[in-house]
Amino acid sequence: MKKIIPAVKGTRDFYPEQMAVRTWLYETVRKVSEAFGYQEWEAPILESLELYAAKSGEELVTKQSYVFADRGGNQITLRPELTPSLARMIAQKQNQLVFPVRWWSFGPFWRYEQTQKGRSREFFQWNIDLLGADSPEADAELVAIAAGFFKAVGLRPAQALIYVNDRRLMDAEFEALGVAPDRRMDVAGLVDRRDKMEADAWQAYALELGLSARQLDGLGALLDDRSRWQKSAELRRLFACLEALGVKEYVEYDPSIMRGLLYYTGTVFEAFDVAGSVRRSILGGGRYDNLLADVGGEPLPAVGFAMGDAVIGIVLEELGLLPADLQVGPAEVLVTVFSPDLQLESLRLAADLRQAGLKVSCYPEPAKLSKQFKYADRTGVAVTLVVGPDEAAEGRVAVKELASGTQELVARAEVAAAVKRLLESRVP
RNA sequence: GUGCCUGUAGCUCAAUGGCAGAGCACUUGACUGUGGAUCAAGAUGUUGCGGGUUCGAGCCCCGUCAGGCACCCCA
């Protein structure tokens with residue numbers, strides 16, 4: 001007990017309280033996903049390094065991935081994201097699947113990065129994707145799912161918003177500004193960083209990247225123009241769809257949303273909490289129409305997003321939106337053990353009650369009743385049973401409801417029914 | 001990889017360079033067959049680790065490790 005080997009940095013221990021939150025999040029994600037007709041799926045946790053090499057981004061692959069050689073000498077990666085696995089699995093069965101495919105998943109991912117608020121090295125992520133539809137309507141569906149999730153957890157538009165942009169629009173704007181195609185990734189990075197840097201530093205950085213003063217002015221005007229989306233036919237349709245879907249108030253056009261991943265080709269979006277302490281995105285995604293072809297499949301349009309559990313967990317906690325009744329009691333009933341000679345009788349009683357469908361734990365050894373009752377109280381048990389010498393002789397059981405403190409003697413055969421009555425009459 | 005902050009009892013935290021403490025939790029009893037509330041008693045420490053300064057270090061200095069936060073980067 002003196003020396004406890006510490007948990008691996010960046011991992012989180014899920015004690016029952018935290019596990020209850022994670023399970024609740026998972027169930028909420030499931031409900032929202034299924035409400036839109038999506039099917040749950042899962043990919044391997046181990047993947048080949050080369051799966052990510054093509055399109056996941058230099059930083060993610062070379063610096064943030066957990067990579068090791070297996071005994072066969074293959075370079076194996078603990079998956080840092082899901083989309084490449086999705087592309088692979090779709091490509092493998094491309095001729096058998098019925099499109100559009102709507103899939104969702106919730107599982108663990110690993111990235112070796114500096115731990116800080118909202119960022120751990122092991123995290124859980126909701127992924128949801130629609131493949132085989134190339135329309136603003138499909139994009140709108142994914143944005144609406146994100147908004148639907150916010151509604152489901154009680155986040156209001158004043159608390160969390162989804163910011164949308166379109167890389168095609170930005171590409172056209174960059175073209176109009178005369179930014180060479182091979183410089184656009186840099187400029188995209190510049191755009192992405194505008195809110196994070198001081199204005200002076202940002203401008204200096206822009207000039208450093210080789211932008212002319214005229215281009216810088218144009219870029220500034222572009223980023224300040226919140227109605228520029230109307231120049232994009234796709235975004236006009238997208239916003240019309242969002243209104244029809246009843247989630248318009250959750251969505252805003254934001255020209256500074258670019259997203260880092262290389263494979264996005266069209267609509268991109270990212271959600272942030274509006275006022276909270278976390279400046280990281282709650283979720284993010286977009287359209288990636290080239291990825292299937294890039295991993296060796298037939299070209300296939302796709303759109304999707306991902307949401308990590310850490311940031312949303314902090315946001316919901318800070319806003320008091322985590323359900324208060326998540327604590328799962330260990331059992332409804334505790335059977336006490338009066339004495340060594342009555343231990344087997346207690347075990348028989350517990351077994352009978354379980355047979356009747358109750359959640360029952362039995363104290364593991366004879367102990368003072370005060371200790372056993374205290375244990376029942378501290379662990380949240382609703383009903384405690386005592387089989388002492390008197391009860392055993394009469395073929396009865398003492399049934400005590402802890403909340404009210406009332407106790408009655410019940411015939412052995414009637415205990416299950418009596419306990420069930422108590423549990424039903426209990427005020428939650 | 002860079003910077004800032006923090007490491008003291010199981011937990012949360014005190015302690016001018018001068019006897020290491022409190023609250024909560026825990027154990028026992030008041031209560032020999034019954035939880036919560038109350039009261040009483042009790043147990044609990046290599047002050048993260050290693051050096052240095054000092055008559056004397058939890059406190060000051062150096063190093064180191066761990067954690068948190070912010071950069072970097074980023075779903």
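In what follows, chains carry the letters A, B, and so on, assigned in the order in which the sequence lines appear, proteins first and then strands, with residues in each chain numbered from 1. Just so it is clear, the structure is predicted and the values come from calculations on it, not from any experiment.
Among pairs with a residue in residues 147-162 of chain A, none fulfils salt bridge (charged side-chain N to carboxylate O under 4.0 Å, His left out), at least two apart in sequence or across chains. Sorted by first and then second residue, the side-chain hydrogen bond (donor to acceptor under 3.5 Å, both in side chains) pairs involving residues 380-397 of chain A (not counting sequence neighbours) are Glu394(A)-Arg396(A). The salt bridge (charged side-chain N to carboxylate O under 4.0 Å, His left out) pairs that include a residue from residues 22-32 of chain A are Glu27(A)-Arg30(A), Arg30(A)-Glu34(A), Arg30(A)-Glu40(A), where partners are two or more places apart or lie in different chains.
When the C1' atom of A66(B) is taken as reference, atom CD of Gln114(A) falls 13 Å away, rounded to whole Å. Remark: P of C74(B) and CD of Glu113(A) are 11 Å apart, rounded to the nearest angstrom. Between Glu270(A) atom CD and A75(B) atom C1' the separation is 8 Å, expressed in whole Å. Taking atom CZ of Phe305(A) as the reference point, atom P of C74(B) lies 21 Å away to the nearest angstrom. Remark: C1' of A75(B) and CG of Leu283(A) are 10 Å apart, rounded to the nearest angstrom. Put simply, CZ on Arg280(A) is 12 Å from P on C73(B), counting in whole angstrom units. With rounding to whole Å, Arg12(A) atom CZ is found 15 Å from G67(B) atom P. At whole-Å resolution of the value, CG in Leu190(A) and P in C74(B) are 13 Å apart.
Between Tyr363(A) and Tyr375(A), the distance separating the two ring centers is shorter than 6.0 angstrom.
Counting non-hydrogen atoms under 4.0 angstrom, Gly284(A) reaches nothing in the nucleic acid. Val386(A) comes within 4.0 angstrom of a nucleotide base, judged by non-hydrogen atoms across all strands. Using a 4.0 Å heavy-atom distance criterion, Lys368(A) is classed as a sugar-phosphate-only contact. Phe338(A) comes within contact range of at least one nucleobase, with a heavy-atom separation under 4.0 Å.
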Watson-Crick or G-U pairs under 3.5 Å in RNA chain B, rendered as dot-bracket with [ ] for crossing pairs and | for another strand
(((((((..((((....[..)))).(((((.......))))).....(((((..]....))))))))))))....
What's touching nucleotides 36-40 of chain B from the protein side, N or O pairs under 3.5 Å?
from, atom 1, to, atom 2, distance (Å)
G36(B), O4', Asp377(A), OD2, 3.2

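Not a single donor-acceptor pair under 3.5 Å links the side chain of Glu401(A) to the backbone N or O of Val383(A).
Nucleotides C11(B) and G52(B) place their C1' atoms 34 Å apart, quoted to the nearest Å. On the C1' atoms, G21(B) is 10 Å away from U8(B), given to the nearest whole Å. Nucleotides A15(B) and C62(B), compared at atom P, are 22 Å apart to the nearest Å. On the P atoms, A25(B) is 28 Å away from A20(B), given to the nearest whole Å. Straight-line distance between the C1' atoms of C39(B) and C31(B): roughly 12 Å, to the nearest whole Å. Comparing the P positions of C55(B) and U12(B) gives an interatomic distance of 38 Å, to the nearest angstrom. The separation of G10(B) from G45(B), taken at their P atoms, amounts to 8 Å, rounded to a whole angstrom. Nucleotides C61(B) and A9(B) place their C1' atoms 28 Å apart, quoted to the nearest Å.
Ser48(A) meets the side-chain contact (heavy atoms from CB on, under 4.5 Å) test with Glu50(A); sequence neighbours excluded. Looking at residues two or more places apart in sequence or on another chain, you find a side-chain hydrogen bond (donor to acceptor under 3.5 Å, both in side chains) between Arg412(A) and Glu345(A), Asp352(A). Taking the side-chain contact (heavy atoms from CB on, under 4.5 Å) definition, one finds that Ala172(A) meets it with nothing, sequence neighbours left out. For the ring-ring contact (aromatic ring centres under 6.0 Å, His included) test, residues two or more places apart in sequence or in another chain that qualify with Trp103(A) are Trp41(A). With sequence neighbours left out, Asn74(A) forms a side-chain contact (heavy atoms from CB on, under 4.5 Å) with Asp70(A), Ile76(A).
Applying a 4.0 Å cut-off to non-hydrogen atoms, the residues of residues 116-138 of chain A that approach RNA chain B are Gln116(A), Lys117(A), Arg119(A), Gln125(A), listed by residue number.
Cation-pi contact between Arg79(A) and Phe109(A): present, with separation from the ring centre below 6.0 Å and deviation from the ring axis of at most 45°. Geometrically, Arg121(A) engages Tyr112(A) in a cation-pi contact defined by less than 6.0 Å to the ring centre and at most 45° from the axis.
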Below 3.5 Å, can you tabulate the donor-acceptor pairs from side chains in residues 311-318 of chain A to any protein atom, sequence neighbours excluded?
from, atom 1, to, atom 2, distance (Å)
Glu318(A), OE1, Ser277(A), N, 3.4
Glu318(A), OE1, Ser277(A), OG, 3.2
Glu318(A), OE2, Ser277(A), OG, 2.5

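Checked by distance alone, Glu391(A) brings a side-chain donor or acceptor within 3.5 Å of a matching partner on the base of G33(B). For Gln372(A) against U34(B), a side-chain-to-base donor-acceptor contact under 3.5 Å is absent.
Ring-plane geometry between Tyr250(A) and Phe150(A) is classed as tilted, the angle between the planes lying from 30 to 60 degrees on a 0 to 90 degree scale.
Of the candidate nucleotides C73(B), G33(B), A75(B), C73(B) has the atom lying nearest to any side-chain atom of Gln64(A).
For the pair Ala310(A) and Asp390(A), both in contact range of RNA chain B, the more 5′-proximal nearest nucleotide belongs to Asp390(A).
Thr115(A) has a side-chain polar atom (N or O) that falls below the 4.0 Å cut-off from OP1 or OP2 of G68(B).
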